[in-house]
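Worksheet for the structure shown next.
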Amino acid sequence: MSYTLHEVDSPARHQQFLAVPERLHGHRPQYIGPLYNEVEAVFDPAKNPNLATGEAVRWVLLDAEGIAVGRVAAFLNREAVDVKNSDLPTGGLGFFEAPNDPVAARHLFDAGRAWLAARGMQAMDGPINFGERDRFWGVLIDGFEWEPNYGMFWHPPYYQQLFEDYGFQVYFKQYTCARPVLTKLHPSFYQRLEKFEADPHYRFDYGRKADPEKLAQDFHHVYNLAWGRHAGVKPMNLDQARDLVREMKPVLDERLLAFAYCDDEPVAFFLSLPELNQIFKHVGRRLNLLGKVRFLWQQWRYGRSRDKKMLGIIYGVVPDHQGTGLDSALILDAQKRFISGGYTDIEMNWIGDFNPRMLVTTRSIGAKIRKTHATYRFLFDRDRPFERSPIIR
């Protein structure tokens, strides 16, 4: 099969780029594609701040009949830590889709490699997003029978082989863990909850949509203390937290926004959303006016269900309260609200194998690995020793 590669530089190419995953995987019962507007936002300077100090390019791969059968993007942010302050400046490769043909994959990988090398990069990670790690990150390598969560791609098994045959190596694995909400927790969870409930300095509560400013401030405070210092995670300013709350407000369920407070200071959270792909799979890929009407209708129907899936987005405890058992108490207190809301199944946002402590915590609440993605790295110098992502200690 012969192929030609074309840069996405016209409305027609944009549409080809967006349509490739559906053409390749739309017949699969597990497939749920991403919203077109959210993919386009990654490459829009008005919506992606990374483009202020970086750049991105996209290509589509056409077969001999002129049909778009593959796609890929490459991007780099010159202010990113792994570019600016590293002896291995690393760019990104993402939104990869291809037929089961190593020749097609090589066209796409070569394009990203050459583009990044011309800009001084010495390695490329992929498939990743030109943005945060919470979406469009990693290639699915296990759990193909499950539907993807909102913001994640579904990939067929042969993608792993395409990456590894080209020379990519696993930089880290990403585990999506799941459990029934009604899973019986260890007796120690109940003991810890009783301890904190008896302490007048502590209280458990939930975020309220009617007070978005407090929700943003509480989230911002815990997030920066619990996560802002980790490698690969940027601290968040308050305006970013406000924007996040405003953006997510239409889909928030207050019962899923669990906080713990010590003397009125927010010190822990476990924040979840209704699993939006369970709604979007009935809406379509375009969130235009008709798509929004469909979404509101399906959201109303889903909200009345007593068999709902939730997605655990982020969990964190400020350092001074880590190791006290507060996390266990918070999860048990929140579980009561999950059940009252009709939620029966929970999947958690992926956890990297570089974070073994979080994986231990996840196992402690009865969750098991349901899906595995991998983030790969390709070194341009093929003789350079490969190192995996460092472990968070």
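Every heavy atom of this structure was used, including side-chain atoms; hydrogens, water molecules and symmetry mates were not. Since we're looking at a predicted model, the values are computed, not measured.
Using a 4.5 Å heavy-atom cutoff, the side chains of Glu7 and Trp115 are not in contact. Considering only heavy atoms from C-beta on, Arg203 comes within 4.5 Å of Asp264 through its side chain. Here the side chains of Thr183 and Ile365 are not in contact, with every heavy-atom distance at 4.5 Å or above. Between Met358 and Ile392 the shortest side-chain heavy-atom distance does not fall below 4.5 Å. With a 4.5 Å cut-off on side-chain heavy atoms, Glu213 and Arg242 count as touching. At least one side-chain heavy atom of Pro21 sits under 4.5 Å from a side-chain heavy atom of Arg71. Trp137 has its side chain within reach of Gln174: a pair of non-hydrogen atoms, C-beta onward, lies under 4.5 Å apart. The shortest side-chain heavy-atom distance between Val170 and Tyr376 falls under the 4.5 Å cut-off.
Geometrically, Arg382 does not engage Phe380 in a cation-pi contact, judged by NZ or CZ lying under 6.0 Å from the ring centre and within 45° of the ring axis. A cation-pi arrangement is present between Arg58 and Phe43, with the terminal nitrogen or guanidinium carbon under 6.0 Å from the aromatic centre and inside a 45° cone about the axis.
For the residue pair Arg337 and Ala258, the shortest heavy atom distance occurs at NH2-CB, 4.2 Å. Contact detail for Pro127 and Ala374: the closest heavy-atom pair is CD-O, 4.1 Å. Heavy-atom minimum distance, Gln16 versus Ala68: CB-CB, 3.9 Å. What you find for Tyr36 and Ala19 is that their closest heavy atoms are OH-CA, 4.1 Å. Pairing each heavy atom of Pro266 with each of Val222, the nearest pair is O-CG2, 3.5 Å. Closest approach of Pro45 and Leu51 over heavy atoms only: N-CD1, 3.6 Å.
Within a 6.0 Å sphere centred on NZ of Lys173, heavy atoms belonging to other residues, nucleotides or ligands number 12 at most. A 6.0 Å sphere centred on NZ of Lys209 holds more than 12 heavy atoms belonging to other residues, nucleotides or ligands. Counting heavy-atom neighbours within 6.0 Å of Glu387 CD, excluding the residue itself, gives a total of 12 or less. Shown here is Lys336, whose NZ atom has more than 12 heavy atoms of other residues, nucleotides or ligands within 6.0 Å. Open room surrounds CZ on Arg357; 12 or fewer heavy atoms of other groups in view lie less than 6.0 Å from it.
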- Task: Verify side-chain contact (heavy atoms from CB on, under 4.5 Å) between Thr53 and Arg78, making sure each step is shown before the conclusion.
- Result: CA-CA 6 Å; Thr53 54; Arg78 298 191 184 280; 5.6 Å; no
- Check step by step if side-chain contact (heavy atoms from CB on, under 4.5 Å) holds for Glu265 and His221. CA-CA 9 Å; Glu265 176 196 358; His221 179 79; 2.8 Å; yes
- Query: So Met248 and Leu244, side-chain contact (heavy atoms from CB on, under 4.5 Å) or not? Walk me through it.
  - Reply: CA-CA 6 Å; Met248 300 306 297; Leu244 184 62; 4.1 Å; yes
- Candidate pair Asp327 and Tyr315, rule side-chain hydrogen bond (donor to acceptor under 3.5 Å, both in side chains), full reasoning: CA-CA 9 Å; Asp327 53 348; Tyr315 152 93; 2.8 Å; yes
- Assess whether side-chain contact (heavy atoms from CB on, under 4.5 Å) is satisfied between Val57 and Glu55, documenting all intermediate values. CA-CA 7 Å; Val57 63; Glu55 54 184 315; over 6 Å; no
- Task: I would like to know whether Arg370 and Asp345 meet salt bridge (Lys or Arg N to Asp or Glu O under 4.0 Å); could you show each step before the answer?
- Result: CA-CA 12 Å; Arg370 180 172 286 180; Asp345 189 54; 3.1 Å; yes
- Task: For Lys214 and Asp205, run salt bridge (Lys or Arg N to Asp or Glu O under 4.0 Å): C-alpha distance rounded to whole Å, both residues' side-chain angles, the deciding distance at 0.1 Å, then the answer.
- Result: CA-CA 12 Å; Lys214 177 172 172 53; Asp205 206 345; over 6 Å; no
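Ile331 and Leu182 fall within the same hydrophobic cluster, where Ile, Leu, Val, Met, Phe, Trp and Tyr residues are linked whenever their side-chain heavy atoms come under 4.5 Å apart, directly or through other members. When the side chains of ILVMFWY residues are joined at heavy-atom separations under 4.5 Å, either directly or via intervening members, Leu5 and Tyr166 end up in a single hydrophobic cluster. Both Leu273 and Ile339 are members of a single hydrophobic cluster when ILVMFWY side chains are connected at heavy-atom separations under 4.5 Å. Residues Phe269 and Val181 are members of one and the same hydrophobic cluster, defined by side-chain heavy-atom contacts under 4.5 angstrom among Ile, Leu, Val, Met, Phe, Trp and Tyr. Hydrophobic clustering of Ile, Leu, Val, Met, Phe, Trp and Tyr side chains at less than 4.5 Å, counting indirect connections, unites Leu185 with Leu359.
Every residue meeting the side-chain contact (heavy atoms from CB on, under 4.5 Å) condition with Gln299, not counting sequence neighbours, appears here in chain and number order: Val251, Ile279, Phe295, Leu296. Scored by the salt bridge (Lys or Arg N to Asp or Glu O under 4.0 Å) test, Asp320 finds no partners at all (sequence neighbours excluded).
Atom CE of Met121 and atom CG of Leu76 lie 5.0 Å apart (nearest 0.5 Å). Considering CG of Leu215 and CZ of Arg208, their distance stands at 10.5 Å, rounded to 0.5 Å. To the nearest 0.5 angstrom, Asp353 atom CG is 7.5 Å from Ser389 atom OG. Here CG of Asp165 is found 13.5 Å from OH of Tyr158. Values are rounded to the nearest 0.5 Å. Here CZ of Phe196 is found 12.0 Å from NE2 of His201. Values are rounded to the nearest 0.5 Å. To the nearest 0.5 Å, atoms CZ (Phe219) and CG (Leu271) are separated by 6.5 Å.
For His155 and Phe163, the ring centers sit 6.0 Å or farther from each other. Aromatic ring centres of Phe96 and Phe153 lie farther apart than the 6.0 Å criterion allows. In this structure, Phe109 has its ring center at least 6.0 angstrom away from the ring center of Phe378.
With respect to Glu147, the side chain to side chain donor-acceptor pair (under 3.5 Å) criterion is satisfied by exactly one of Lys371, Gln30, Lys281: Lys281.
Between Asn277 and Lys309, the side chains place no donor N or O within less than 3.5 Å of an acceptor N or O (distance only, hydrogens not considered). When only modelled atom types and interatomic distance are considered, Asn48 and Asn50 share a side-chain donor-acceptor pair under 3.5 Å. Between the side chains of Gln278 and Tyr150, no donor N or O sits under 3.5 Å from an acceptor N or O.
Listed by chain and number, the hydrophobic cluster partners of Trp154 are Tyr31, Leu140, Phe144, where partners are ILVMFWY side chains within reach of under 4.5 Å, directly or through others.
In this structure, the side chain of Gln240 engages the main chain of Asn237 through a donor-acceptor pair within 3.5 Å. Arg13 contributes no side-chain N or O that, together with a main-chain N or O of Val60, makes up a donor-acceptor pair within less than 3.5 Å.
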